[in-house]
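This report concerns only the one structure given below.
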There are 2 protein chains.
Amino acid sequence: MTLTSNSLISDEAIEQPRSALPPQADPQHFVEEVGLLFETTGLPRMAGRVFGWLLISNPPHQSPGELATVLQASKGSISTMTRLLEQIGIIERVSLPGQRRDYFRIKLNAWSELSKRRMEQVVAFRKVAERGLLLLQDEPSERLQRLQEMRDVHAFFESELPLMLDRWEQFRAQPPADSP
Amino acid sequence: MTLTSNSLISDEAIEQPRSALPPQADPQHFVEEVGLLFETTGLPRMAGRVFGWLLISNPPHQSPGELATVLQASKGSISTMTRLLEQIGIIERVSLPGQRRDYFRIKLNAWSELSKRRMEQVVAFRKVAERGLLLLQDEPSERLQRLQEMRDVHAFFESELPLMLDRWEQFRAQPPADSP
DNA sequence: CAGGAAGTTCAGTAAATACTGAACAAAAAG
DNA sequence: CTTTTTGTTCAGTATTTACTGAACTTCCTG
């Protein structure tokens, strides 16, 4: 099972009795790890598997069919998950010239897109806090403390996170000294 | 149904045919909103309801029994959810002197606790990226780009987030000028 | 110490959600 | 134009997960 050429697809490696490789050298294991990781963020495990495979696949673009084969999932599932990941903005569809159909690959700015998603959650928290304050507008201020804190924290994050992303972009552009 | 005294509990407001108040003036509606909000973060809706009620309840501490009544949930569910929220670190148990049992209320530093949780996720992402790099350690560097980016982004966040939290603590301590 | 109120545990159920597989659609090859 | 390959849609199923309710435990009160 040579990893470099993703021979998983051509030879019947997928029928192997569950790889005897140590976990840290097993691509399937890595894919499952990403699946679990995605689950902790509320996304379906299969979406994580797709993303996980695209992180290590060779070439970096893979067709739906290839994904279905490698991940041993139904075509339907792959279709749904790629649509989801595309909508979230962390993978994209590429149609190579001459090649028959389209492929998926991880977007260059996948991580800033994911951060935007997290940002939306922060905004949602602030807004709910504000609705709560509206609800208690005639109450004594001590009763409002909990909601005010909730609003202020999230408003603060809301202003800071974009700055942090900017800093990251800068950092990436010219890695200062001993960056890997 | 007077909100100030939480008369929801004493009179049978809970049996009302679904409040005729406009949504922004309806505590039940607020509680449901927080429930949905929590669901987007992967936590059970009922946990969000409990937290939502504790955000607006008077007094700020509520007994399991009260929670069960107001939220129209089983005692078992309340027990599970308060345990979860306590474990996460965003509510705490308080035993008032003389009073018969214990109550729950939102912790003062609930939001920094929640941030810690998010932080843990960032760490998990970095670690998975590193395991991926280990897997591809003998591959040409161009193949590693996706995983390197994933690791670097999260390592960056990992270093920045604590600083941001520090800044928030400072900001809260002495709100500069026209803070609410 | 008995009786009762309040809370927790846990087995079972209801509801939500991920996933499959078959039918359909679109496109390329023969 | 037919056949084959590839992808999508969608109805149905399986699995997971939240939630309930009954039994048990703990702790007050008389």
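Proteins get letters first, then strands, A, B, ... in listed order; numbering begins at 1 in each.
- One can place CG of B:Asp102 at 11 Å from C1' of D:dC27, the figure rounded to the nearest angstrom.
- Atom C1' of nucleotide D:dT8 and atom CD of A:Gln87 are separated by 16 Å, given to the nearest angstrom.
- Counting to the nearest Å, the P atom of D:dC24 and the NZ atom of B:Lys75 are 14 Å from each other.
- Nearest nucleotide to the B:Ser79 side chain, out of D:dG7, D:dC19, C:dT8: C:dT8.
- For A:Arg45 and C:dC19, the CZ to P distance is 8 Å, given to the nearest whole Å.
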Original post:
What's the verdict on side-chain hydrogen bond (donor to acceptor under 3.5 Å, both in side chains) for B:Glu149 and A:Trp111, showing C-alpha distance, side-chain angles and the deciding distance?
Top reply: CA-CA 8 Å; B:Glu149 171 102 358; A:Trp111 302 111; 5.3 Å; no

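- Of the candidate nucleotides C:dA18, D:dT8, C:dT20, C:dT20 has the atom nearest to the side chain of A:Ser74.
- The distance between atom CD of A:Gln72 and atom P of C:dC19, rounded to the nearest whole Å, is 14 Å.
- If you take CD of B:Glu86 and P of C:dT8, they are 9 Å apart, rounded to a whole angstrom.
- You'll find that the side chain of A:Ser77 is closest to C:dT20, out of D:dA18, D:dT20, C:dT20.
- In this structure, B:Thr80 and B:Gly65 both approach DNA chain C, and ranking their closest nucleotides by distance from the 5' end singles out B:Gly65.
- Residue contacts shown for A:Gly76 include a base, since a base heavy atom lies under 4.0 Å away.
- For B:Arg167, the CZ atom sits in a packed shell: over 12 heavy atoms of surrounding residues, nucleotides or ligands are nearer than 6.0 Å.
- Here the C1' atom of nucleotide C:dT8 and the CG atom of B:Leu85 are 16 Å apart, to the nearest Å.
- Backbone-only contact: A:Ser63 has heavy atoms under 4.0 Å from sugar-phosphate atoms and none from a base.
- Distance from the side chain of A:Pro64 is smallest to D:dT8 among D:dT9, D:dT8, C:dC19.
- Picking from D:dC19, C:dT20, C:dA18 the nucleotide with the shortest atom distance to the side chain of B:Met46 gives D:dC19.
- Residue A:Arg126 forms a side chain to side chain donor-acceptor pair (under 3.5 Å) with just one option from A:Gln121, A:Glu158, A:His154, and that option is A:Glu158.
- In this pair, A:Phe125 and B:Phe38 present their aromatic rings tilted. The plane angle is within the 30 to 60° band.
- If you check C:dC19, D:dT9, D:dT20 against the side chain of A:Met81, the one that comes closest is C:dC19.
- Regarding contacts with the backbone of C:dG7, every side-chain N or O of B:Arg83 stays at 4.0 angstrom or more from both OP1 and OP2.
- Within the 4.0 Å cut-off from OP1 or OP2 of C:dT8, at least one side-chain nitrogen or oxygen of B:Arg93 is found.
- The environment of CD in A:Gln137 is crowded: more than 12 heavy-atom neighbours from other residues, nucleotides or ligands sit within 6.0 Å.
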